[in-house]
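Throughout, a chain's letter reflects where its sequence line sits, starting with A, and its residues are numbered from 1.
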Amino acid sequence: MKSDEIMDIALRRGFIYPSSEIYGGISGFYDYGHLGTLMRRKWEDTWRKHYLSLNPNYFEVDATNIMPKNVFIGSGHLENFTDPLTECEKCHSRFRADHLVEECLERCAEGLSAEEMSGLIKESEIPCPKCGGKLLDVKMFNMMFELSVGSTGDSETAYLRPETAQGAFLNFKRSFNTLRGKLPIGLAIIGRAYRNEISPRQGFYRLREFNQAELQIFFDPDTIDEHPDFEKIKDVSLRMFPLQNRSSGEVDEVKASELHKNYGIPKFYIYHLVKIQEFYLDKMNFPKELFRFRELSEDERAFYNKIHWDVELYTESLGGYKEMGGLHYRTDYDLSGHQKASGEKLEVNIEGKKMVPHVLELSFGVDRNFWTLLDVFYTDEGDRKLISLPKEVAPFRAGVFPLQKKEELENIAKNIYERLSKWFDLFYDDSGSIGRRYRRQDEIGTPFGITVDFQTIEDNTVTIRERDSMEQKRVKVEEIWKNI
RNA sequence: GCGGUCAUAGUGUAGUGGUCUAGCACCUGAGCCUUCCAAGCUCAUGACGCGGGUUCAAAUCCCGCUGACCGCACCA
């Protein structure tokens with residue numbers, strides 16, 4: 001299976017490892033090895049460059065992973081991130097208690113406490129939908145990791161953040177002021193988030209501790225149907241998978257301008273769809289057939305997301321199209337929620353116009369994107385395994401090799417390695433045959449091999465070997481940097 | 001959480017109570033050879049997931065834990 005082959009390389013070469021492995025590991029947690037760390041950092045750098053350059057008023061900020069309980073009352077996570085579960089006494093199947101109450105009693109279960117739901121289930125004698133057995137008391141299961149901050153006597157309940165986004169909302173007011181009161185402003189956060197999944201499956205896809213890269217754009221809702229650069233992108237074809245295509249499975253290619261005209265999606269939203277697609281197709285080189293925007297139905301999306309399309313990539317090892325990110329129009333849900341819960345005014349005043357800005361969220365799961373790069377670009381040619389990673393995200397840009405282990409060649413090669421290392425991540429290797437060393441680099445996605453041979457001594461040229469074609473060309477040492 | 005299957009070097013595996021001081025292949029390291037694509041030769045490193053039990057004796061049988069995989073449920 002492809003996921004086994006990728007995991008094999010990942011473990012053997014140093015991309016990812018199970019966390020706390022020497023103690024037996026822990027489900028849903030992975031560590032990054034030396035190659036994985038290089039690669040993830042490069043993915044994040046590429047992400048930064050791409051999304052922060054969309055507007056001079058977009059910046060990266062950073063926020064803590066631990067936040068006090070009240071934050072999550074304001075954000076709605078304490079209420080909405082909690083699932084009421086009930087278990088069957090007989091067959092031990094577990095069910096969402098609120099869903100059962102809604103289905104069986106045809107009443108709204110929103111806002112009911114665990115006790116109220118237990119009472120309703122007992123009164124109405126709702127049986128186990130599977131075996132008809134008796135259902136036990138409802139227990140609240142919250143997906144957030146709970147912590148107590150401070151010494152036990154006066155400790156305060158806090159949580160590990162379940163998404164990086166909250167940091168941007170909490171810092172909105174100060175950021176807005178320090179960035180001199182302009183809209184739109186964008187606050188990006190790249191960092192860890194935590195969800196206590198009941199049972200994480202699919203290896204690296206659903207993690208309990210994971211990395212997110214998110215950009216929260218705060219804008220004036222009256223301007224949602226305009227974008228200064230819309231003209232430039234109006235003819236771009238977007239790969240859309242709207243709700244009505246669910247049964248056919250077909251992806252429509254729709255021009256940005258038509259998306260506006262025929263589907264009524266606002267221009268500000270469309271502009272960012274275009275930029276996201278550009279990131280995946282042009283920066284990450286994914287074949288366009290593997291990419292699509294998937295529209296979410298009302299019950300799939302969070303209630304506060306007014307418009308929600310997921311970014312999906314076809315990932316063989318994960319069994320089909322999988323969510324890599326999303327573009328969420330969150331309205332003023334977050335800022336208004338925090339304004340209400342904190343008592344702090346989060347509305348802004350621009351030239352006499354008072355408003356709570358609306359939020360467009362670009363949200364990406366870093367680890368999933370990382371895994372999918374390995375999946376999509378991995379090829380087993382039989383006698384050669386390679387990962388055709390785009391050079392921007394490959395852990396190493398090039399390998400530097402002396403053709404043979406001879407001092408006169410090694411000296412030149414080491415010298416090239418040292419000089420170019422200021423600009424590129426390189427890997428120096430002088431052991432084994434030259435072919436073996438090329439193959440080793442192919443397997444970890446290194447795009448180029450720079451080889452010092454006997455001709456180098458005479459005319460100061462080296463060969464540069466390209467990973468995918470295995471073709472070589474001879475260039476002057478001073479011009480290597482232009483060719484890799 | 002439940003049910004099923006499983007756990008031996010970095011990876012893939014052999015091993016069915018004593019022949020295990022745990023075999024093999026690939027990988028890795030040192031050396032020889034080698035003027036560009038996994039060649040060859042020599043040598044070397046490295047493993048029974050963790051904890052308990054049964055037994056004269058456990059990689060092997062039993063129990064618990066942890067983890068992986070597959071179903072069910074869960075997945076703002």
Please check if atom NZ in A/Lys306 has more than 12 non-hydrogen atoms from other residues, nucleotides or ligands closer than 6.0 Å. no
Is the A/Phe364 ring parallel, tilted or perpendicular to the A/Trp47 ring (thresholds 30°, 60°)? perpendicular
Would you say A/Arg208 places a side-chain N or O within less than 4.0 Å of OP1 or OP2 belonging to B/rC75? no
Any pair with a residue in residues 13-32 of chain A that passes salt bridge (charged side-chain N to carboxylate O under 4.0 Å, His left out), sequence neighbours left out, goes on the list, sorted by first then second residue, please. A/Arg13-A/Glu443
Respond yes when some side-chain nitrogen or oxygen of A/Gln404 is under 4.0 Å from OP1 or OP2 of B/rU35, and no when none is. yes
Can you check whether A/Ser433 has a side-chain N or O nearer than 4.0 Å to OP1 or OP2 of B/rA39? yes
Looking at B/rA76, B/rC36, B/rA38, which one has an atom nearest to any side-chain atom of A/Thr451? B/rC36
Tell whether A/Arg465 reaches the base of B/rC37 with its side chain through a donor-acceptor pair below 3.5 angstrom. yes
Where the side chain of A/Arg436 is defined as all heavy atoms beyond and including C-beta, which of B/rC75, B/rU34, B/rU28 is the nearest nucleotide? B/rU28
Taking the C1' atom of each, how far is B/rC70 from B/rC20, in whole Å? 34 Å
Please give, in whole Å, the distance from B/rU35 P to A/Asp453 CG? 12 Å
Identify which one of A/Glu300, A/Glu323, A/His308 satisfies the side-chain hydrogen bond (donor to acceptor under 3.5 Å, both in side chains) criterion when paired with A/Arg294. A/Glu300
From B/rC36, B/rG29, B/rA68, pick the nucleotide closest to the side chain of A/Ser27? B/rA68
Checking all strands, does A/Gln472 fall into the base, sugar-phosphate, or nothing category for heavy-atom contacts under 4.0 angstrom? base
Classify the side chain of A/Arg301 and the base of B/rA76 as holding, or not holding, a donor-acceptor pair under 3.5 Å. no
So what does A/Asp8 hit on the nucleic acid, given a heavy-atom distance under 4.0 Å: a base, only sugar-phosphate, or nothing? sugar-phosphate
When the P atoms of B/rU5 and B/rC61 are considered, how many whole Å apart are they? 14 Å
Specify the separation, in whole Å, of atom CD1 of A/Ile6 and atom P of B/rG10. 22 Å
With a 3.5 Å cut-off and heavy atoms only, can you find an N or O donor on one side and an acceptor on the other between the side chain of A/Arg206 and the base of B/rC75? yes
Select base, sugar-phosphate, or nothing to describe what A/Arg384 touches, counting heavy atoms under 4.0 Å on all strands. base
Between CZ of A/Phe145 and CZ of A/Arg195, what distance do you get to the nearest 0.5 Å? 11.5 Å
Among B/rA38, B/rC37, B/rC36, which nucleotide has an atom closest to any side-chain atom of A/Met470? B/rC37
Taking only N and O in the side chain of A/Lys405, is any of them less than 4.0 Å away from OP1 or OP2 of B/rC33? no
